[in-house]
Amino acid sequence: MSYTNKIKKIYQDQLEQIRNAGIFKVERLIHSSQAADIEVEFPTGSSLKTVINMCANNYLGLSSHPEVVKAAHDGLESRGYGMSSVRFICGTQDIHRELENRVTEFLGTEDTILFPSCMDANAGVFEAVLSNEDIMISDRLVHASIIDGIRLCSAQHDTFKHSNMQHLESKLQLHSDKRIRMVITDGVYSMDGDTAKLDEMVELCEKYDALLFVDDSHASGFIGKTGRGTHEKYGVMGKIDIITTTFGKALGGASGGCVSGRKELVEMCRQKARPYLFSNTIAPVVVSGVLKVLDILSENTERRDKLEENTAYWRKGLTNAGFILKEGDSPIVPVMLFNAKLSQDISKDLYDEGIYAIGFFFPVVPNGQARIRTQISAGHEIHHLDKALDAFKKVGKKYGILGLTKQEIIQKYGL
Ligand SMILES: *Cc1c(COP(=O)(O)O)cnc(C)c1O
C-alpha cells in the first residue's frame with residue numbers, strides 16, 4: 001500500500017485535533033548536560049537561555065556526577081559499547097550479574113533481574129508470574145506502564161480507590177476465591193508526591209493472603225532513612241514480594257530498570273518475561289554508571305539528607321509566600337493553580353525569569369487540579385532555591401494569587 005493523500009489526511013487531521021485541543025507536546029532542547037543549571041532552546045529557534053531546572057527526576061543530583069561519568073568511561077573501555085545480543089543468548093556480562101546482586105542488597109530483597117527500562121519491567125512481570133486463575137488488584141492511579149503490563153497479562157483485573165484501604169480490603173474479600181491475589185501500587189505517586197500506605201497494605205496482604213507489588217521508581221535512592229525506598233520509610237523491608245524500579249531517575253538517570261523480590265518470582269521473569277527475553281538489556285556503559293551510583297549511596301546518606309533539607313526549605317518558602325501546595329514530604333512539590341491556562345501562563349513567566357518548571361493540567365491531572373509540579377534535587381544549592389523562590393513570588397504577585405484560598409483562585413480565574 002502506498003501513502004496516499006487520503007491516508008496522509010487522516011493523520012494530518014488527528015494531529016490538528018491534538019493541536020486544537022492545546023495538548024500538542026513540543027520538546028525543548030537542552031544543550032548542556034542534565035543538572036541544576038541547564039541551557040535550553042525552544043524549538044522555535046529562540047536563542048539559548050540558562051535556566052534553573054525545577055522539573056527533572058534528578059533527585060540525587062547524580063545524572064552528571066563526575067565519579068559516575070568516570071565509571072561509565074571505565075566501563076566503556078573495559079566492557080565495550082554494546083552487547084549485540086539478548087541476555088540468554090550471549091548478552092550477559094559479569095557486571096550485569098554484579099548489578100543484580102548489588103540492587104538485591106540495596107533494596108533488601110532476595111533476587112533481582114534487569115530490564116531495558118522500568119516500563120519494560122512492568123510490561124513483562126505480571127504476565128510472567130500470573131495466569132487466568134489469578135487477580136490483579138491495582139490502585140486507580142498507578143503509572144501508565146503498570147496499566148500496560150496489566151493489559152498484557154491474562155489474569156483478571158480489578159481496582160481500588162486511590163490509597164483507600166477500606167476499599168482495598170473489600171476487594172480482597174470479594175476475590176477470596178482466586179488462586180493468587182496481587183495488590184499493585186506505586187510507592188510514591190508522581191503527580192501529587194504522596195506515598196502508598198505500605199505498612200497497612202502489608203498488613204492487609206498478610207491477612208488476606210495476597211502478594212504485594214510496588215513500583216518504587218520515584219523513591220529508590222532517597223525515600224526512607226537510608227534511601228532504600230518507600231518500604232524502608234514504612235518499616236516493611238523484606239515484606240514486599242515484588243519491587244520494580246528505574247535507573248532513569250534518581251539512580252543516575254540514564255536508563256534501565258529491574259524487578260526485585262522473591263527468588264521464584266524473579267526466576268519466573270528470567271524464564272518468561274518477554275521484554276527480557278526479546279530485547280537487549282542495559283548497555284555496559286550504563287551498568288558501570290549505576291554500579292558507581294550504588295557505591296556512592298552506600299557510603300553515606302549525605303545526598304538524600306541534602307535532598308530532604310532542600311525539600312523542606314522549598315516547601316516552607318513557597319508556603320510562606322502564600323502558595324497552595326499539595327501536602328507531603330517527598331521532593332515532588334506541586335504548586336496548585338487549579339485553572340489550566342493559569343498554570344501555562346505562570347510556567348511561561350517563570351521561564352522568562354530563568355526558572356524551568358512545567359504546568360500540568362487535564363488529562364495528566366484531574367480536571368480543575370492544574371498545577372506547576374516542582375521537583376527538588378540534591379543538586380540544587382540554596383542560591384538556586386532562593387532565586388526560584390524570588391521568581392515564584394514575583395510571578396505570583398503579578399497574577400494576584402499569593403495568599404488566596406483555593407476558592408478565591410477559582411473565583412478569580414475560573415476552572
Ligand atoms: C518513570 C517511571 C517508570 C518508567 O521508567 P523507565 O525506566 O524510564 O521506563 C515506571 N514507573 C513509574 C512509577 C515511573 O515513574
Side-chain angles (χ1 to χ4, degrees), residues 25 27 34 55-60 62-63 96 99-100 103 106-107 112-127 136 138-153 159 162-163 182-196 198 201 212-223 229-231 233 240 242-261 269 273-276 278-283 285-287 289-290 293-294 328 330-334 358 360 364-365 373-377:
K25 296 177 209 56
E27 295 166 1
Q34 189 64 280
C55 55
N57 300 315
N58 185 16
Y59 296 113
L60 293 169
L62 291 171
S63 303
H96 291 94
L99 179 56
E100 288 172 334
V103 170
F106 188 78
L107 297 179
T112 300
I113 171 174
L114 302 179
F115 279 81
S117 68
C118 188
M119 171 97 202
D120 284 311
N122 289 339
V125 61
F126 302 112
E127 175 61 4
M136 307 174 278
S138 62
D139 187 291
R140 287 191 183 158
L141 292 188
V142 291
H143 190 259
S145 57
I146 294 177
I147 294 172
D148 282 9
I150 288 171
R151 281 185 186 141
L152 291 167
C153 175
T159 62
H162 178 55
S163 274
M182 184 185 285
V183 174
I184 300 170
T185 183
D186 289 15
V188 173
Y189 283 83
S190 62
M191 280 302 145
D192 286 359
D194 59 320
T195 48
L198 290 190
M201 294 178 102
L212 182 54
F213 168 104
V214 179
D215 179 340
D216 232 6
S217 289
H218 280 282
S220 297
F222 56 97
I223 297 289
T230 316
H231 58 328
K233 176 183 164 103
I240 313 296
I242 299 178
I243 296 172
T244 62
T245 193
T246 182
F247 307 124
K249 293 190 168 99
L251 302 178
S255 70
C258 66
V259 170
S260 192
C269 287
R274 295 167 69 85
Y276 178 81
F278 300 113
S279 183
N280 274 12
T281 189
I282 310 170
V285 50
V286 175
V287 173
V290 182
V293 165
L294 293 177
S330 89
I332 297 167
V333 184
I358 297 292
F360 289 94
V364 181
V365 295
R373 182 181 68 171
T374 59
Q375 291 171 284
I376 302 304
S377 168

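Note that the structure is a prediction, hence the values are computed from the model and not measured. First listed ligand is number 1; within each ligand, the first listed atom is number 1.
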For this session: Tell me, with the steps shown, if F213 and I146 meet side chain to side chain contact (heavy atoms under 4.5 Å, CB included).
Result: CA-CA 10 Å; F213 168 104; I146 294 177; 3.8 Å; yes

For this session: Report the C-alpha distance between C118 and D215 in whole Å, list the side-chain angles of each, state the deciding distance to 0.1 Å, and finish with yes or no for side chain to side chain contact (heavy atoms under 4.5 Å, CB included).
Result: CA-CA 9 Å; C118 188; D215 179 340; 3.9 Å; yes

Problem set entry | Neighbouring protein residues of ligand 1 - any heavy atom closer than 4.0 Å | S117, C118, M119, N122, H143, S145, D186, D215, S217, H218, T246, K249, G256

Exercise. When you measure from the side chain of D216 to the backbone N and O of G229, does any donor-acceptor pair fall under 3.5 Å?
Worked result: no

Exercise. For the residue pair H162 and Y189, does the interplanar ring angle fall in the parallel (under 30°), tilted (30 to 60°) or perpendicular (over 60°) class?
Worked result: perpendicular

Exercise. How long is the gap from CD on E100 to OG on S260, to the nearest 0.5 Å?
Worked result: 9.5 Å

Problem set entry | Sub-4.5 Å side-chain heavy-atom contact between V290 and V103 | no

